[in-house]
Amino acid sequence: MKHQFPVTLNTNPKAKPSPVGLPFGTYFTDHMFIMDYNQEEGWHNGRIVPYAPIQLDPAAIVLHYGQEMFEGLKAYKTPEDRVQLFRPYMNAKRTNNTNDRLCIPQIDEELYVDAIKALVEVDQEWIPEGEGTALYIRPFIFGDEPYLGVRQSMTYKFMVILSPVGPYFVNGLQPTKMYVEDVYVRAVKGGTGEAKCGGNYAAALKAQEIAHEKGYEQILWLDGIEQKYIEEIGAANAFFVIGDEVVTSELNGSILPGITRNSIIALCKEKGYKVSERKISIDELVDAYHAGQLKEMFASGTAAIVSPVGQLEYKGEKMVINNFEIGPVAKEMYDTIYGIQTGKIEDFMNWTVPVASEDEE
Ligand code: PLP
Ligand code: COI
């Protein structure tokens, strides 16, 4: 590792949760990474400290104008006890794209990945072992300057916290139900849809709440202008198998460019599937469903991994997909991606990055 960080060890470590029935995002490890930014020194003073609440000035810009971004990736332990990350440089790149959109200073990609590696190394005993589990890594950045005028912050914190997790959808590989949202919208071209910032999720809560009340796990968002084309799912990208085509919405500026999405497209090509990134209208989906051609739907994301969707509701019509069972493409993608991530199958795509560099192992 190019960058080293001082470590203050937690003298009061917590008990680790059981990997059985592990929920998403409830438990946090013993340490966290924190680094400061100011204009004179840039990013500096990266350090690993015991996990604890932080102090924030009540006038901090993030609390008023939401200047914040976050990422999500995971660490896994292989059967040989090697700790590895999945495509972390893609998270670093996406962070800088988000930062650019939110006027947050750029961060060196090596520094970013080294911070994650260093923290995961300290808390590696927290990586859970059990189907669908992993150590979820949450890097985030926020403007902490106390100032009430509307402009970007002059100071920032970059932090990383870790959470041992099970599948995002409580039933794991059991298909979920999605509600096609046709009142609210998540993003429009020119907005922040392709950035990974907290504000996008705050703006989506209302629709999610309504969908939950109706018994749906998540929302399938339509485009923000005509509400005609499929965008993505609340916390994941959306894939469909229509006839023999595996299809996902093209990146149009308002969809998050998912790393799992990118990996599935690459794997589908590798395995010889016909795979397209294109506009998909909700009408095309409904027609495909009625013609018996909507074979599968699944969500893809770091938290969600690959999660089959068994039912889609649009304008009162409940469409049951693949008899509410996981389909062959979703299963193959889950097995391959999670297999590569956990080192249970060979990383033939060269996607994993060890946490300890070769000479340290
Ligand atoms: N879309 C949204 C809105 C998300 O929150 C996520 C999760 O990160 C994704 C897509 C999937 O992205 P990734 O595969 O990089 O986790
Ligand atoms: C992820 O998959 O990493 C996400 O960020 C989803 C999250 C909003 C729970």
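Counting starts at 1 for both ligands and their atoms, following the listed order.
- The option with the heavy atom closest to atom 10 (C) of ligand 1, from among Ala236, Gly258, Ala299, is Ala236.
- Applying the 4.0 Å criterion to heavy atoms of Tyr201 picks out, from ligand 2, the atoms 8 (C).
- Distances below 4.0 Å separate heavy atoms of Phe70 from the following atoms of ligand 2: 5 (O).
- Looking only at heavy atoms of the protein, atom 7 (C) of ligand 2 is closest to Arg138 NH2, 3.9 Å.
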message: Pair Lys16, Asp123 - check salt bridge (Lys or Arg N to Asp or Glu O under 4.0 Å), show working.
response: CA-CA 11 Å; Lys16 298 179 181 63; Asp123 274 340; over 6 Å; no
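- Between Arg278 and Glu284 there is a salt bridge, since a side-chain N of the basic residue sits under 4.0 Å from a carboxylate O of the acidic one.
- Judged by the shortest distance from any of its heavy atoms, Glu71 lies outside the 4.0 Å radius around the atoms of ligand 1.
- In terms of protein heavy atoms, atom 9 (C) of ligand 2 is closest to Tyr168 CE1, 3.5 Å.
- Scanning all heavy atoms of the two residues, the minimum distance from Pro128 to Thr133 falls at O-OG1, 3.2 Å.
- Using a 4.0 angstrom heavy-atom cutoff, Ala304 does not count as in contact with ligand 1.
- Distances below 4.0 Å separate heavy atoms of Ser300 from the following atoms of ligand 1: 11 (C).
- Tyr338 and Lys74 form no side-chain donor-acceptor contact under 3.5 Å, judged by distance and modelled atom types alone.
- Within the 4.0 Å heavy-atom criterion, the part of Lys196 lying near ligand 1 is the side chain and not the backbone.
- Interface atoms of ligand 1 facing Gly234, defined by a heavy-atom separation under 4.0 Å, are 3 (C).
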- request: Test salt bridge (Lys or Arg N to Asp or Glu O under 4.0 Å) on Lys318 and Glu313 and set out the steps.
  value: CA-CA 4 Å; Lys318 294 182 169 64; Glu313 175 169 340; 3.6 Å; yes
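- Among all protein heavy atoms, the one lying closest to atom 16 (O) of ligand 1 is Thr302 OG1, 2.6 Å.
- Residue contacts with ligand 1, taken as heavy atom pairs separated by less than 4.0 Å, involve Arg186 solely via side-chain atoms from C-beta onward.
- Residue-ligand proximity, Arg94 to ligand 1, at heavy-atom distances under 4.0 Å covers atoms 12 (O), 13 (P), 15 (O).
- With respect to atom 2 (O) of ligand 2, the closest heavy atom belonging to the protein is Ala303 N, 2.8 Å.
- Across all non-hydrogen atoms, the minimal contact from Glu145 to Gln152 is OE1-O, 4.3 Å.
- Phe86 and Ile116 fall into different hydrophobic clusters, where Ile, Leu, Val, Met, Phe, Trp and Tyr side chains are chained together by heavy-atom contacts under 4.5 Å.
- Each of the following atoms of ligand 1 lies closer than 4.0 Å to a heavy atom of Gly301: 11 (C), 14 (O), 16 (O).
- Ring pair Phe169/Phe24: centre-to-centre distance not below 6.0 Å.
- Nearest protein heavy-atom contact of atom 5 (O) of ligand 2 is Lys196 NZ, 2.7 Å.
- Neither the backbone nor the side chain of Pro257 comes within 4.0 Å of ligand 1, counting heavy atoms alone.
- In summary, the side chains of Gln293 and Asp287 do not present any donor paired with an acceptor at a separation below 3.5 Å, with no hydrogens or angles considered.
- Protein heavy atom closest to atom 3 (O) of ligand 2, with residue, atom name and distance, is Tyr136 OH, 2.7 Å.
- Summary of contacts: the protein heavy atom closest to atom 1 (N) of ligand 1 is Glu232 OE1, 2.5 Å.
- A salt bridge between Lys2 and Asp114 is absent, with no side-chain N of the basic residue lying under 4.0 Å from a carboxylate O of the acidic one.
- The shortest heavy-atom distance from Met90 to ligand 1 is not under 4.0 Å.
- Of the protein's heavy atoms, Tyr201 OH, 2.5 Å lies nearest to atom 5 (O) of ligand 1.
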- prompt: Yes or no on side chain to side chain contact (heavy atoms under 4.5 Å, CB included) for Ile219 and Ile233, after CA distance, side-chain angles and deciding distance?
  reply: CA-CA 6 Å; Ile219 291 158; Ile233 295 168; over 6 Å; no
- request: Step by step, work out the side chain to side chain contact (heavy atoms under 4.5 Å, CB included) result for Ile141 and Lys157.
  value: CA-CA 6 Å; Ile141 305 176; Lys157 291 266 184 292; over 6 Å; no
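- Residue contacts with ligand 1 include Ala235, since one of its heavy atoms falls under 4.0 Å from the ligand.
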- prompt: Which is it for Tyr136 and Thr302 under the side chain to side chain contact (heavy atoms under 4.5 Å, CB included) test, yes or no, and what are the steps along the way?
  reply: CA-CA 9 Å; Tyr136 185 77; Thr302 299; 4.0 Å; yes
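- Nearest protein heavy-atom contact of atom 14 (O) of ligand 1 is Thr260 OG1, 2.6 Å.
- Residues Tyr179 and Tyr216 bring their aromatic ring centres within 6.0 Å.
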